[in-house]
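Hydrogens, waters and symmetry mates are skipped; everything else that's a heavy atom, side chains included, is used. None of the values given here were measured: they were computed from a predicted structure.
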Amino acid sequence: MLYEFDPLIGEHINRIKNKETHDHYLCHQIQDELIEIIAEKIKENILSKIKQFKYYSVIMDSTPDINHQEQVSIVIRIVLMNSENSEDIISIKEYFLTFINVHSTTGLNLSNTLKNQLDEYGLKLSNCRGQSYDNGSNMIGLYKGVQSRILQNNPRAFFVPCSAHSLNLVLRDSAKSSTKAITFFGYLGRIYNLFSASTHRWDIFKSHCNLYTVKQWSETRWESRINSVEAIRLQVKNVMHALSEILQTSDDPITKSEALSLLNEVGSFEFLLSPIIWYELLTEVNIVSKNFQNPNMQLDVLTNMLKGLIVFLEKYLDNGFEKAMETAKQLAITIEIEPTFNEIRYSKKKIYFSDESVDETLQDPKQNFRTQYFLVILDSAIMSMSKRFNQINNFNSNFGFLYDVSKLKTMPDEEIRKHCQDLQIILTDGEDKDIDAIDLFEELLILRRW
């Protein structure tokens with residue numbers, strides 16, 4: 001391939017063809033060896049930078065590869081300071097170092113794998129100042145997780161969970177807290193499967209829905225479901241027409257049965273409420289999630305966005321249901337369906353004198369939907385988010401005073417001094433301390449005069 005575009009390689013290949021050389025280096029063993037040599041040289045350069053700037057953070061994740069072999073990736077994050085034109089250029093860099101095959105994903109094995117790999121690279125664990133993993137129990141467990149085992153060796157290796165992954169888990173936990181929510185996303189999956197099963201059905205869908213297409217979602221990235229919800233929320237009438245055409249034109253009895261079942265469900269008022277509610281939630285979460293993935297995101301901004309998202313959820317909990325009801329009623333009128341819930345029939349059980357009393361099941365279908373669906377997913381989302389991001393809020397309270405220079409200029413000296421003293425305590429391990437509170441205080445006073 002390179003022979004066609006690179007004159008130097010072309011000359012080398014021509015010499016081989018003309019038998020002017022026997023050292024052609026085209027054997028796959030030699031090329032693999034060259035690649036390994038290049039990789040080792042690159043790794044040496046990366047490690048020399050990390051050691052030069054001393055402190056680092058580690059990011060580790062595990063996932064099975066195509067051969068079902070569990071692989072752990074290790075990434076090192078540093079603050080890089082380059083002297084250029086007599087000015088310090090400060091940037092944050094992340095360097096991928098390796099993949100490691102592991103046979104056990106327990107917290108003990110993964111923490112030992114990480115420590116052994118750092119030792120092999122000559123990186124002292126005592127210089128680690130941060131660790132970040134996904135939200136699996138083997139990673140973030142308080143007693144046996146990787147983060148807790150690393151903290152036992154180095155209490156200054158602060159653990160920060162992956163924020164975007166945490167948001168995904170918040171949504172996942174919320175949906176799984178309600179049977180009705182699980183059923184709703186099941187219907188979305190069935191709609192996608194029906195239309196994507198053949199090119200003919202997909203053409204039918206596109207002939208009716210020209211704005212958005214139904215999509216399959218990622219189980220680990222819940223905000224991706226906004227695309228699936230959006231296609232239904234904004235095109236529900238068109239989707240019903242597409243289902244109706246498949247019902248009328250298909251000769252396959254299974255396909256006709258599936259289309260009829262979905263058409264009846266999509267045409268119910270209870271179903272209409274679900275995409276309206278989830279579209280509101282997923283849109284807000286998606287905005288925050290995308291901002292979290294910005295390389296320039298700062299801790300104080302992240303914390304404020306999380307607080308804003310929790311405030312939104314709390315307000316939506318109070319008045320979102322009635323707004324969703326009004327929107328659903330208007331939508332029901334446009335697609336000519338009755339804006340009422342289906343009546344729920346419960347089998348009555350005889351209660352004898354010796355039986356304990358039980359809470360009576362709600363008979364009002366609207367109230368039933370609100371309490372067993374809407375309130376459940378909102379309560380779960382608020383509780384889960386508050387719990388997962390409590391640690392980030394604590395970090396912001398410790399380090400946040402360093403981010404906003406404008407607030408720093410108006411902050412009283414004693415308050416700045418207090419923050420500096422607290423930070424020194426946090427960044428001290430025994431006799432070893434990262435900063436001196438007095439020196440930091442004096443530097444911040446100088447900064448305020450600029």
Side-chain angles (χ1 to χ4, degrees), residues 171-191 194 214 225-226 228-241 243-244 247 257-284 312-351 355-384:
L171 294 173
R172 186 193 68 181
D173 293 345
S174 299
K176 289 186 176 182
S177 64
S178 168
T179 303
K180 292 180 180 292
I182 296 174
T183 305
F184 166 70
F185 283 105
Y187 282 122
L188 293 189
R190 288 172 57 189
I191 291 172
L194 177 66
V214 287
R225 301 201 178 199
I226 187 175
S228 300
V229 174
E230 185 177 49
I232 305 298
R233 166 67 181 88
L234 303 180
Q235 303 175 134
V236 63
K237 187 175 183 179
N238 307 74
V239 172
M240 292 178 66
H241 288 165
L243 289 170
S244 180
L247 177 63
S257 175
E258 180 70 352
L260 178 60
S261 173
L262 290 173
L263 186 60
N264 290 334
E265 181 60 31
V266 174
S268 67
F269 184 69
E270 181 174 307
F271 182 90
L272 288 182
L273 263 178
S274 289
I276 291 171
I277 294 170
W278 278 106
Y279 186 69
E280 290 288 334
L281 297 178
L282 290 169
T283 299
E284 293 296 324
F312 164 79
L313 293 175
E314 291 173 342
K315 289 183 178 179
Y316 198 71
L317 177 67
D318 293 335
N319 52 37
F321 182 73
E322 292 302 326
K323 291 182 179 180
M325 280 288 296
E326 288 300 318
T327 304
K329 287 179 181 179
Q330 295 175 9
L331 185 59
I333 293 173
T334 61
I335 62 177
E336 300 178 350
I337 68 171
E338 193 69 26
T340 57
F341 289 93
N342 294 328
E343 290 292 333
I344 303 175
R345 297 182 179 274
Y346 296 99
S347 58
K348 293 185 178 181
K349 179 183 176 182
K350 290 184 178 181
I351 300 177
D355 291 343
E356 294 183 2
S357 62
V358 294
D359 293 335
E360 184 179 351
T361 306
L362 292 172
Q363 299 296 319
D364 181 13
K366 175 183 175 181
Q367 192 65 16
N368 182 280
F369 183 93
R370 180 175 181 271
T371 55
Q372 296 187 18
Y373 188 174
F374 180 80
L375 295 182
V376 170
I377 63 174
L378 265 296
D379 282 335
S380 175
I382 293 171
M383 291 176 61
S384 181

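- When the ring-ring contact (aromatic ring centres under 6.0 Å, His included) test is applied to Phe369, the partners found at least two apart in sequence or on another chain are Phe341, Tyr373.
- The minimum heavy-atom distance linking Tyr279 with Leu234 is given by the pair OH-CD1, 4.3 Å.
- Residues passing the side chain to side chain donor-acceptor pair (under 3.5 Å) test with Tyr316: none are found, sequence neighbours excluded.
- Closest approach of Val229 to Pro275, counting heavy atoms only: CG1-O, 3.6 Å.
- In terms of the side chain to side chain contact (heavy atoms under 4.5 Å, CB included) criterion, residue partners of Val376 (sequence neighbours excluded) are, by chain and number, Ser177, Ser178.
- Summarising the geometry of Phe271 relative to Glu265, their closest heavy-atom pair is CB-O, 3.1 Å, with the distance given to 0.1 Å.
- The aromatic rings of Trp278 and Phe185 lie perpendicular to each other, with more than 60° between the two planes, well past the 30° mark.
- Between Thr340 and Phe269, every side-chain heavy-atom pair lies at or beyond the 4.5 Å cut-off.
- Asn368 has its side chain within reach of Lys180: a pair of non-hydrogen atoms, C-beta onward, lies under 4.5 Å apart.
- With rounding to the nearest 0.5 Å, the separation of CD1 in Ile182 from CD1 in Ile377 is 11.5 Å.
- Contact check for Leu313 versus Leu378: side-chain heavy atoms found under the 4.5 Å cut-off.
- Legend: residues meeting side chain to side chain donor-acceptor pair (under 3.5 Å) with Ser174, ordered by chain and number and at least two apart, are absent.
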Side-chain polar contacts of residues 327-339 - donor-acceptor pairs under 3.5 angstrom, sequence neighbours left out - could you list them?
| from | atom 1 | to | atom 2 | distance (Å) |
| --- | --- | --- | --- | --- |
| Thr327 | OG1 | Lys323 | O | 3.0 |
| Thr334 | OG1 | Leu331 | O | 2.5 |

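- By the side chain to side chain contact (heavy atoms under 4.5 Å, CB included) test, Ser244 pairs with Gln248, Leu263, sequence neighbours left out.
- Evaluation of the salt bridge (Lys or Arg N to Asp or Glu O under 4.0 Å) test over residues 369-381, restricted to residues two or more places apart or in two chains, returns none.
- Every residue two or more places apart in sequence or in another chain that forms a salt bridge (charged side-chain N to carboxylate O under 4.0 Å, His left out) with Glu258 is listed here: Arg190.
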